[in-house]
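First comes the structure, then the notes that go with it.
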Amino acid sequence: MGGRDGDTFLPTNGVQAALVEIDKMSGKVAVLKHWVVEDCGRVINPLLVDEQIRGGVVQGIGEALYEYCRYTEDGQFASGTLADYLLPMAADTPDIVVAHVETPYSGSLLGAKGSGRSRRMCVTRRHSERSEQCALSIWRTCGHTSHFTGRSAPSHGDAQGRPGCMKPAKFAYAKPSTIDEVLALLREHGDDAAVLSGGQTLVPMLNLRVASPQMLIDINDVPGLDEISVDGSILRIGARSRHNDVLRSELVQSNAPLVSEALHHVAHEAIRNRGTLGGSLALADPAAEMPACMVCLDAEIVLLSEQGTRSVPAPNFFQGIYDTDRRPDELIVRIDIPIPDASWRFAFHEISRRHGDFAMAGLTFGVRCAEELSKPAALCSWVSSPSRGALRRWSRLS
Amino acid sequence: MVDLSHDECLDKLLALCDYAGLKQQIASWRDAGRVVGFGLASFVEFTATGSEGYGRAGVPVSSLDTVVVSMDPSGTVTAQSSAAEIGQGIQQGLAQILADALGLPINRIRVKLGDTQSAPHGGGAWSSRGAAITGEVAWRAGRKLRLELLSAAGTLFQIEADRLDILDGEIVEKETGRVRMQSFRTCRGDPFRPYEFPQDLHPQLTVLRHGRA
């Protein structure tokens with residue numbers, strides 16, 4: 001009883017279509033809209049069938065554009081976390097229009113056929129064949145790196161361009177306990193060294209082989225780098241101060257409330273427990289909040305090397321995307337923020353896909369409310385969008 | 001292969017996305033420098049893999065599914081099935097199928113799934129089989145139970161069973177729509193006064209059906 005003898009399976013058929021756009025700057029592929037017409041025989045519950053189809057389409061988009069199991073050459077699974085293995089999220093999901101044709105299966109009384117898998121196979125194949133090739137050719141032409149759009153991203157490959165190697169390249173590791181040892185190592189290794197502070201960006205970069213330093217200098221044992229104090233009219237924050245320590249510091253809250261407010265938008269609790277202010281400034285990610293705050297507050301970045309101490313005003317320190325005035329032998333040891341007087345008011349705002357994500361655009365703003373009419377005195381906006389390339393406009397108005 | 005509808009699906013999709021208008025829109029986007037493309041694919045999906053596939057290949061997975069339907073004296077129908085609910089909605093689907101098969105309101109149907117100590121034998125949830133195989137089995141079990149109820153009612157009312165129907169839980173005469181009895185009373189009458197029913201009336205109110213694709 002049931003199916004007709006000889007039918008090894010019940011054939012469900014249909015057609016799907018997708019409207020896809022590729023951003024020429026970043027290579028990011030976006031599915032603008034998706035259509036499905038399916039014939040699964042008798043539809044018993046249209047709502048359930050529609051949503052199964054939509055779920056399948058989202059899975060297909062994930063397989064085609066994001067999800068990928070990578071293995072290293074020695075067979076180690078290299079995408080074992082959700083940071084390496086990307087799943088499509090609501091923002092990656094287009095409107096999915098679903099309709100049905102009903103041709104009941106003639107071998108049964110009910111006439112229902114299966115539903116729930118075809119769209120996945122279908123979407124995967126089409127998206128990957130059409131858009132991925134296209135995206136890759138755009139990357140090749142523009143020489144652009146992707147903002148981690150998944151397996152199409154050439155940045156996931158190794159130095160020879162082979163895909164799939166995602167664990168760090170070999171590096172030496174030192175964990176000095178004095179600042180002098182750190183400075184000596186920096187002098188010796190210069191550009192080949194990377195300073196490990198909180199590691200919240202550096203370690204993923206190592207794993208993705210975006211960064212491959214010869215020497216990793218761990219400064220977590222060096223005393224005195226995480227002190228927060230007020231010295232006259234200057235708020236001094238040690239470079240290795242964890243984001244959450246800065247966020248919860250009463251000295252920071254009362255003397256630089258802009259920083260406290262902005263830090264709520266820096267990633268998530270767990271990342272703020274490890275990540276450090278100095279690390280964020282040294283990286284100079286165009287989507288980061290702290291560089292913008294420092295420019296707005298006219299902070300000075302204090303750098304130390306065997307040659308001595310150097311103080312660089314934040315507007316001069318940040319020179320471009322991931323580009324700063326720090327010399328290879330220098331370590332950021334402290335950030336000095338001039339404490340604004342009581343007439344200053346500050347504001348912070350950013351737009352991101354979800355709270356804690358990298359900002360697409362943001363603004364830090366300061367204004368002096370004196371007796372005369374208020375005029376904007378400090379303004380810093382920044383923009384970072386994978387679909388428009390990464391831009392930054394940091395300025396301070398006098 | 002039969003029961004396919006490629007042309008109808010394609011026509012419906014092209015109408016749905018306004019293909020002519022969309023082509024113009026894409027052309028104007030491209031003129032403006034955007035890289036936009038439209039892709040189409042048709043498919044035939046391999047669903048409800050059955051014994052003919054697995055059996056011949058020597059793959060030891062059950063192609064059978066089972067539904068056991070019982071009506072209790074309160075008129076509630078309980079179905080036990082080998083299908084598994086994994087979020088796909090088969091529990092709701094089976095309840096709808098049984099409600100339609102029996103002519104009962106859906107709130108009189110209870111579907112029990114997922115307890116392997118009490119579930120009847122079957123394949124579970126895989127290969128897009130729930131509606132196609134278990135659904136079909138549920139339909140047949142429900143129709144058999146309905147027939148039992150109607151033939152019992154026919155004996156009671158001395159009328160041919162095929163002149164009766166069950167609508168929204170009530171046994172009615174097809175021609176007149178006259179309500180003769182609550183369906184559940186047919187099965188046991190008052191459970192405390194079964195002696196009021198004819199001695200030879202023994203409707204079977206538990207039905208078991210197996211099915212395969």
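We name chains A, B, ... by the order of the sequence lines, and we start the count at 1 in each one.
- Separating the SG atom in C17(B) from the NE2 atom in H34(A) is a distance of 11.0 Å, to the nearest 0.5 Å.
- A heavy-atom distance below 4.5 Å is found between the side chains of V101(A) and K12(B).
- Most heavy-atom pairs under 4.5 Å with chain B, from the set G14(A), A112(A), G41(A): that is G14(A).
- Between S115(A) and T47(B), the shortest heavy-atom contact is N-CG2, 4.5 Å.
- When heavy atoms are compared at a cutoff of 4.5 Å, L47(A) does not approach chain B at all.
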Pair D39(A)-S5(B), side chain to side chain donor-acceptor pair (under 3.5 Å): steps then yes or no: CA-CA 7 Å; D39(A) 185 346; S5(B) 57; 2.6 Å; yes
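- Without hydrogens or angle criteria, E45(B) side chain to P11(A) main chain gives no donor-acceptor distance under 3.5 Å.
- When all heavy atoms of G89(B) and L48(A) are compared, the pair lying nearest together is O-CD1, 3.5 Å.
- Remark: side-chain polar atoms of E136(B) are paired, donor with acceptor, to backbone N or O of L109(A) under 3.5 angstrom.
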Derivation of the side chain to side chain contact (heavy atoms under 4.5 Å, CB included) call for V44(B) and T12(A): CA-CA 6 Å; V44(B) 175; T12(A) 289; over 6 Å; no
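- We find the NZ-CZ distance between K33(A) and F38(B) to be 10.5 Å, quoted to the nearest 0.5 Å.
- The residue among N13(A), V37(A), L110(A) with the most heavy atom pairs within less than 4.5 Å of chain B is N13(A).
- The distance from atom CH2 of W35(A) to atom OH of Y19(B), rounded to the nearest 0.5 Å, is 11.0 Å.
- In this structure, the portion of L22(B) lying under 4.5 Å from any heavy atom of chain A is its side chain and not its backbone.
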Step-by-step side chain to side chain contact (heavy atoms under 4.5 Å, CB included) determination, L40(B) to V15(A): CA-CA 7 Å; L40(B) 252 173; V15(A) 180; 3.4 Å; yes
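- Separating the CD atom in E8(B) from the CD atom in E102(A) is a distance of 12.0 Å, to the nearest 0.5 Å.
- More than 12 heavy atoms of other shown residues, nucleotides or ligands fall within 6.0 angstrom of atom NZ in K174(B).
- For L64(B), no part lies under 4.5 angstrom from a heavy atom of chain A.
- By the neighbour-count criterion of 12 heavy atoms within 6.0 Å, atom CD of E175(B) is densely surrounded, having more than that number from other residues, nucleotides or ligands.
- Distance check, rounded to the nearest 0.5 Å: CG of D3(B) to NZ of K113(A) gives 5.0 Å.
- Separation of atoms CG (D100(B)) and CD1 (I44(A)) is listed at 9.0 Å; rounding is to 0.5 Å.
- In this structure, L19(A) and I26(B) approach most closely via the heavy-atom pair CD1-CD1, 3.5 Å.
- Judged by distance alone, the side chains of N45(A) and Q96(B) do bring a donor and an acceptor atom under 3.5 Å apart.
- For R34(B), the parts lying under 4.5 angstrom from a heavy atom of chain A are both the backbone and the side chain.
- The choice from G33(B), G93(B), G130(B), A101(B) that makes the most heavy-atom pairs within less than 4.5 Å of chain A is G33(B).
- Heavy-atom contacts from other residues, nucleotides or ligands closer than 6.0 Å to CG of D7(B) number 12 or fewer.
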